[in-house]
Amino acid sequence: MYSSIVRLQNTFGFFTTVAFAVACIIAASDLFSARTPSVGVLKTTNVQVVRGRPHYYSSKKEEYAIIRFSLDADLSSLFTWNTKQVFVYVTAEWPSAGGSGSGQNATNQAVIWDSIITSPSADHLANLGPVAMRKLRRSAAGKSIDPSRGRLSINNQRPKYQITHPSSKVANQEDVVLRLHYNVQPWVGILTWNPDEDFLKWKTLKGNLSRKFALPGLKKKDEGKTGTRS
Ligand SMILES: *[C@@H]1O[C@H](CO)[C@@H](O)[C@H](O)[C@H]1NC(C)=O
Ligand SMILES: *[C@@H]1O[C@H](CO)[C@@H](O)[C@H](O)[C@H]1NC(C)=O
């Protein structure tokens, strides 16, 4: 004989099973929408190395690099009805000199810039002031998906983060490249990064690397300042 508790349990159990199945279907649906992002332009526009305190809380003076860059990328295919937000970031990478005991082929990698692009339905999560928020909402009035937000065109962008190295030396470093990365945060499902290889309908990020460049020699801080102010 069923007591009402057991009945409630069964109903609730059925409900969670259905909800779980629906969530799985939504998450899996992402696999069937093609992701074909590409980068048109990723290049440095101004690179400087100065010696000083890279952050106001730095305790010692060290060399740091300020890398300005331009980026043109089309990430619009990442914005589907299950996309909550896309996190985009640019790293600078160079081969490690290998002296510091780690494997010789290690790569130094540091983030120089990042940005979060929300879907219109997730705009309330964006970390913006009221004016910028109103502008953002107006830009997608009435739309719940706005792939055009994935089209990035950024010119001579100042880096958010300066590059340093534990050895305190970055001047004259050769073979540095910039690389664009993204990750997609869905409403339902797991966080996914740009794949290293094509995965079903998800293509690798075409043109994700810039040309190789070298960090210049050390510049006096005062000269550097006038050059980087904007
Ligand atoms: C570094 O890469 C080379 C060639 O790719 C390889 O022969 C060598 O074993 C690697 N060294 C280490 C420490 O991984
Ligand atoms: C970067 O681009 C190259 C060629 O366009 C591709 O082979 C590689 O898989 C890409 N890497 C990532 C992490 O997207």
Side-chain angles (χ1 to χ4, degrees), residues 23 26-45 47 65-94 107-128 132-133 135-137 139-140 143-163 176-213:
I26 295 172
S29 75
D30 275 349
L31 289 173
F32 298 101
S33 55
R35 292 184 179 175
T36 53
S38 63
V39 181
V41 176
L42 176 58
K43 61 172 189 193
T44 59
T45 50
V47 185
I66 305 165
I67 302 177
R68 282 183 172 244
F69 64 95
S70 288
L71 169 68
D72 255 317
D74 186 352
L75 307 181
S76 50
S77 60
L78 306 180
F79 288 84
T80 67
W81 61 290
N82 191 27
T83 303
K84 185 172 169 190
Q85 58 191 22
V86 175
F87 183 65
V88 191
Y89 57 107
V90 174
T91 55
E93 305 178 1
W94 65 91
T107 306
N108 292 297
Q109 188 183 58
V111 176
I112 62 168
W113 177 85
D114 57 25
S115 180
I116 294 172
I117 311 171
T118 51
S119 280
S121 45
D123 278 350
H124 58 284
L125 301 171
N127 185 13
L128 294 174
M133 179 63 90
K135 207 169 140 197
L136 181 66
R137 287 187 181 248
S139 75
K143 291 188 222 167
S144 58
I145 306 172
D146 186 2
S148 69
R149 287 194 180 172
R151 281 193 269 282
L152 307 179
S153 185
I154 297 167
N155 252 321
N156 198 20
Q157 169 69 41
R158 206 191 159 88
K160 282 194 189 174
Y161 315 104
Q162 339 279 20
I163 296 204
V176 186
V177 288
L178 297 184
R179 187 193 288 272
L180 183 73
H181 313 248
Y182 64 80
N183 69 52
V184 178
Q185 205 175 329
W187 286 108
V188 177
I190 57 165
L191 195 66
T192 47
W193 270 261
N194 47 323
D196 286 331
E197 285 165 32
D198 289 353
F199 177 68
L200 304 175
K201 299 183 87 173
W202 296 355
K203 303 299 175 208
T204 59
L205 179 54
K206 229 185 261 155
N208 54 57
L209 282 180
S210 75
R211 281 223 193 113
K212 283 187 181 170
F213 60 97

*Intermediate values then yes/no, side chain to side chain contact (heavy atoms under 4.5 Å, CB included), Arg149 and Lys143*: CA-CA 12 Å; Arg149 287 194 180 172; Lys143 291 188 222 167; over 6 Å; no
Heavy-atom closest pair, residues [X] and [Y]:
{"X": "Asn208", "Y": "Leu42", "answer": "O-CD2, 3.6 Å"}
{"X": "Phe32", "Y": "Ala28", "answer": "CD1-O, 3.4 Å"}
{"X": "Val86", "Y": "Thr83", "answer": "CG2-CG2, 3.8 Å"}
{"X": "Thr204", "Y": "Asp198", "answer": "N-OD1, 3.0 Å"}
{"X": "Trp113", "Y": "Lys160", "answer": "CD1-CG, 4.0 Å"}
{"X": "Val111", "Y": "Tyr161", "answer": "O-CB, 3.4 Å"}

*Inspect the surroundings of NZ in Lys135 and state if more than 12 heavy atoms from other residues, nucleotides or ligands are less than 6.0 Å away.*
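Open.
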Backbone N/O of [Y] and side chain of [X]: donor-acceptor pair under 3.5 Å:
{"X": "Ser70", "Y": "Asn156", "result": "yes"}
{"X": "Ser77", "Y": "Thr36", "result": "yes"}
{"X": "Asn82", "Y": "Val188", "result": "yes"}

_Ile26 vs Trp187, test: side chain to side chain contact (heavy atoms under 4.5 Å, CB included). Steps then yes/no._
CA-CA 9 Å; Ile26 295 172; Trp187 286 108; over 6 Å; no
*Output, in order, the C-alpha distance, side-chain angles, deciding distance and verdict of side chain to side chain contact (heavy atoms under 4.5 Å, CB included) for Thr45 and Gln157.*
CA-CA 8 Å; Thr45 50; Gln157 169 69 41; over 6 Å; no
*What distance separates Asn194 CG from Asn183 CG, expressed to the nearest 0.5 Å?*
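Interatomic distance, Asn194 CG to Asn183 CG, rounded to 0.5 Å: 8.5 Å.
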*Give the C-alpha distance, both sets of side-chain angles, the deciding distance and a yes or no for side chain to side chain contact (heavy atoms under 4.5 Å, CB included) between Trp81 and Ser144.*
CA-CA 7 Å; Trp81 61 290; Ser144 58; over 6 Å; no
*Between the side chains of Asp123 and Thr118, is a donor N or O closer than 3.5 angstrom to an acceptor N or O?*
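Looking only at side-chain atoms, Thr118 and Asp123 do form a donor-acceptor pair, the distance falling under 3.5 Å.
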